[in-house]
Amino acid sequence: MLYIIGLGLCDEKDITVRGLEAVKSSSRVYLEAYTSILLVNKERLEEFYGKDIIVADRDMVETQAEEILRGADTQDVSLLVVGDPFGATTHIDIVLRARSSGIPVRVIHNASIMNAVGACGLQLYNFGQTVSLVFFTDTWKPDSFYDRIRENRGLGLHTLVLLDIKVKEQNEENLARGRKIYEPPRYMSIPQAVSQLMEIESLRAEHVLSLKTTLAVALSRVGCDVGTGNNRQRIVCGTLEQLSEQPPETFGEPLHSLVIVGNRLHHMEVVYAEEYAVCRETWRRVASEAYGCALD
């Protein structure tokens, strides 16, 4: 059996009881370590789970999946995934490969940013399409996310924007020369995300986003409601301009996500989220004047 097990969002204790039982029954345990990151190291997982863990980087998951699947038709093998197993298409591909090899698969779900984003007070059924925002380069600035945000806002829906991470990535020269030399990890910040969003707005000029009248919510380390300091969950909301002006420590440590607030904003969402506002007065004023939200 191949188990694909969601680990949740924070630390080693977020695994479900069923997931932990599957890990303990497995002859090999892999940790997928490039579509997202857990907030504790591999050694803490190993100590808690009582199992050695093999880190599966991008190269292994995408080009050496047969190694992960090896022997899974006669023994249990687990692949651990941060968040929920179906939060990335990579994991769907592994399921399909296992099926084609006649290997039974069991998926054990867990919390992910896709549902935990509700912690900011915006109602989950008011969310539209989720988009990813990648690091721009001088020659590559994909803007398909802009169309999805426009479509969501046209329906009054919020947009969850997943910010890029670069883990064990090669630069163009090392990639071209086949050298296994990797760049330091990079995580997109909230100010950089706002800058890239507004760069595309300036190019497209379709008035989808505005620094002063578009409300947004920044989130980091969602689900980590224990501990102190930067390791804790952070939620910060305001206009795009306000978020772009905050110092980095305001948003806590990565991973970060951003929600572009939809036009069909409910007054209960405004009231709940104002707890996290950079400026409550501005948050309520823009919600009332730009979004037409009726507030007391």
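Sequential numbering from 1 along the given sequence is applied to the chain's residues. Any value given below was found using the heavy atoms of this structure, including those in side chains, with hydrogens, waters and symmetry copies removed. This is a predicted model, so every value here is computed, not measured.
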For this session: Ignoring hydrogens and angles, tell me if any N or O in the side chain of E46 forms a donor-acceptor pair with the backbone of I53 under 3.5 Å.
Result: yes

For this session: Please check if V82 and V117 belong to a single hydrophobic cluster, counting links between Ile, Leu, Val, Met, Phe, Trp and Tyr side chain heavy atoms closer than 4.5 Å.
Result: no

For this session: Walk me through it: do L243 and V236 pass the test side chain to side chain contact (heavy atoms under 4.5 Å, CB included)?
Result: CA-CA 8 Å; L243 296 184; V236 183; 3.9 Å; yes

Exercise. What about I165 and F135, same hydrophobic cluster or not, with Ile/Leu/Val/Met/Phe/Trp/Tyr joined at side-chain heavy-atom distances under 4.5 Å?
Worked result: no

For this session: Assess whether side chain to side chain contact (heavy atoms under 4.5 Å, CB included) is satisfied between Q123 and H158, documenting all intermediate values.
Result: CA-CA 9 Å; Q123 298 164 5; H158 312 309; 5.9 Å; no

Exercise. Do R28 and Y30 meet the criterion of a side-chain donor-acceptor pair at a distance under 3.5 Å?
Worked result: yes

Problem set entry | Test item: S26 side-chain N/O and A22 main-chain N/O as donor-acceptor pair under 3.5 Å | yes

Exercise. Sequence neighbours excluded, which residues qualify as salt bridge (Lys or Arg N to Asp or Glu O under 4.0 Å) partners of D93?
Worked result: R97

Problem set entry | Distance (rounded to the nearest 0.5 Å) between I108 CD1 and I15 CD1 | 7.5 Å

Exercise. Is it true that R285 and E281 make a salt bridge, defined as a side-chain N closer than 4.0 Å to a carboxylate O?
Worked result: no

Problem set entry | Closest non-hydrogen atom pair between S257 and L160, with its separation | CB-CD1, 4.0 Å

For this session: Mind checking side-chain contact (heavy atoms from CB on, under 4.5 Å) for K13 and listing every partner two or more places apart, or none if nothing turns up?
Result: D11, F48

Exercise. At what distance, to the nearest 0.5 angstrom, does CG of N152 lie from OG1 of T130?
Worked result: 8.0 Å

Problem set entry | From NZ (K51) to OG (S27), nearest 0.5 Å | 7.0 Å

Exercise. Taking all non-hydrogen atoms of both residues, which atom of A216 and which atom of L258 are closest, and how far apart?
Worked result: CB-CD1, 4.0 Å

For this session: Mark yes when over 12 heavy atoms from residues, nucleotides or ligands other than E47 sit less than 6.0 Å from its CD; otherwise mark no.
Result: no

Exercise. I190 and L133: same hydrophobic cluster, using ILVMFWY side-chain contacts below 4.5 Å?
Worked result: yes

Exercise. D14 versus L7: any side-chain heavy-atom pair under 4.5 Å?
Worked result: no

Problem set entry | 4.5 Å side-chain heavy-atom contact, Y49 and L20 | yes

For this session: Decide yes or no for H91 and E32: does some side-chain heavy atom of the first lie under 4.5 Å from some side-chain heavy atom of the second?
Result: yes

For this session: Please tell me if the side chains of F145 and V161 come closer than 4.5 Å, counting only heavy atoms from C-beta onward.
Result: no

Exercise. Would you find a donor on one side and an acceptor on the other, under 3.5 Å apart, between the side chain of R221 and the backbone of P254?
Worked result: yes

Problem set entry | Pair listing, ring-ring contact (aromatic ring centres under 6.0 Å, His included) test, anchored in residues 55-88, at least two apart | F86-H109

Problem set entry | Side-chain touch L295/V270, heavy atoms, less than 4.5 angstrom | yes

Problem set entry | side-chain contact (heavy atoms from CB on, under 4.5 Å), paired with I200, selected from Q196, R204, M198 | R204

For this session: Specify the closest pair of heavy atoms between I235 and A119, including all atoms of both residues, with the distance to one decimal.
Result: CD1-O, 3.7 Å

For this session: Specify the closest pair of heavy atoms between L2 and A98, including all atoms of both residues, with the distance to one decimal.
Result: CD2-CB, 4.1 Å

Problem set entry | Any side-chain heavy-atom pair of I149 and L197 under 4.5 Å | yes

Exercise. H207 and E201: side-chain donor and acceptor closer than 3.5 Å?
Worked result: no

Exercise. In Å and rounded to the nearest 0.5 Å, what is the CZ to OG distance from R234 to S220?
Worked result: 6.5 Å

Problem set entry | L209-L203 co-clustered via ILVMFWY side chain contacts under 4.5 Å | yes

For this session: Taking the side chain as every heavy atom from C-beta outward, state whether I260 and L240 have any atom pair closer than 4.5 Å.
Result: yes

For this session: State, with a plain yes or no, whether a side-chain heavy atom of V107 is found less than 4.5 Å away from one of D84.
Result: no

For this session: Any pair with a residue in residues 108-121 that passes salt bridge (Lys or Arg N to Asp or Glu O under 4.0 Å), sequence neighbours left out, goes on the list, sorted by first then second residue, please.
Result: none

Exercise. For V286, does its backbone N or O pair with a side-chain atom of E289 as donor and acceptor, under 3.5 Å?
Worked result: no

Exercise. Could you go step by step and tell me if V81 and I5 meet the side chain to side chain contact (heavy atoms under 4.5 Å, CB included) rule?
Worked result: CA-CA 6 Å; V81 176; I5 302 169; over 6 Å; no

Problem set entry | Main-chain N/O of M60 paired with D57 side-chain donor or acceptor, under 3.5 Å | yes

Problem set entry | Salt-bridge contact E275-R280 (side-chain N to carboxylate O under 4.0 Å) | yes

For this session: Of all the heavy-atom pairs spanning L9 and C224, show the shortest one and how long it is.
Result: O-SG, 4.3 Å

For this session: Show your reasoning for whether side chain to side chain contact (heavy atoms under 4.5 Å, CB included) applies to L122 and V259.
Result: CA-CA 9 Å; L122 300 179; V259 179; 3.6 Å; yes

Exercise. Got a salt bridge between R150 and E206, using NZ or NE/NH1/NH2 to carboxylate O under 4.0 Å?
Worked result: yes

Exercise. Who pairs with R153 by salt bridge (Lys or Arg N to Asp or Glu O under 4.0 Å), at least two apart in sequence or on another chain?
Worked result: none

For this session: Return the set of residues passing salt bridge (Lys or Arg N to Asp or Glu O under 4.0 Å) with D164 (not counting sequence neighbours), or none when no residue passes.
Result: K166

Seminar exercise, completed: Across all chains, not counting sequence neighbours, the salt bridge (Lys or Arg N to Asp or Glu O under 4.0 Å) partners of R18 are none

For this session: Sort and list the pairs that fulfil ring-ring contact (aromatic ring centres under 6.0 Å, His included) and have at least one residue in residues 241-296, not counting sequence neighbours.
Result: none

Exercise. Taking all atoms of both residues into account, what is the closest heavy-atom pair of R264 and N126, and its distance?
Worked result: NH2-OD1, 3.5 Å

Exercise. Taking ILVMFWY side chains as joined if any heavy atoms are under 4.5 angstrom apart, and letting links pass through other members, which residues group with M268?
Worked result: none

Seminar exercise, completed: Hits for side-chain contact (heavy atoms from CB on, under 4.5 Å) against S195, two or more places apart or cross-chain, chain-then-number order -> none

Exercise. Just by distance, do the side chain of T213 and the backbone of S210 share a donor-acceptor pair under 3.5 Å?
Worked result: no

Exercise. Quick one: does S101's side chain have a donor or acceptor within less than 3.5 Å of a partner on I103's backbone?
Worked result: no

For this session: If you link ILVMFWY side chains whenever their heavy atoms are less than 4.5 Å apart, which other residues fall into the same cluster as W140? By chain and number, please.
Result: V134

For this session: For the pair E151 and R148, find out whether any cationic side-chain nitrogen is under 4.0 Å from an anionic carboxylate oxygen.
Result: yes

For this session: Measure the spacing between CZ of R284 and CG of L215 and express it to the nearest 0.5 Å.
Result: 12.5 Å

Exercise. Cluster question for you: counting only ILVMFWY and a side-chain heavy-atom cut-off of under 4.5 Å, with indirect links fine, are F136 and V131 together?
Worked result: yes

Exercise. What residues form a side-chain contact (heavy atoms from CB on, under 4.5 Å) with E21, not counting sequence neighbours?
Worked result: V17

For this session: Could you grab the distance from atom CD1 of I4 to atom CD1 of I94, nearest 0.5 Å is fine?
Result: 6.0 Å

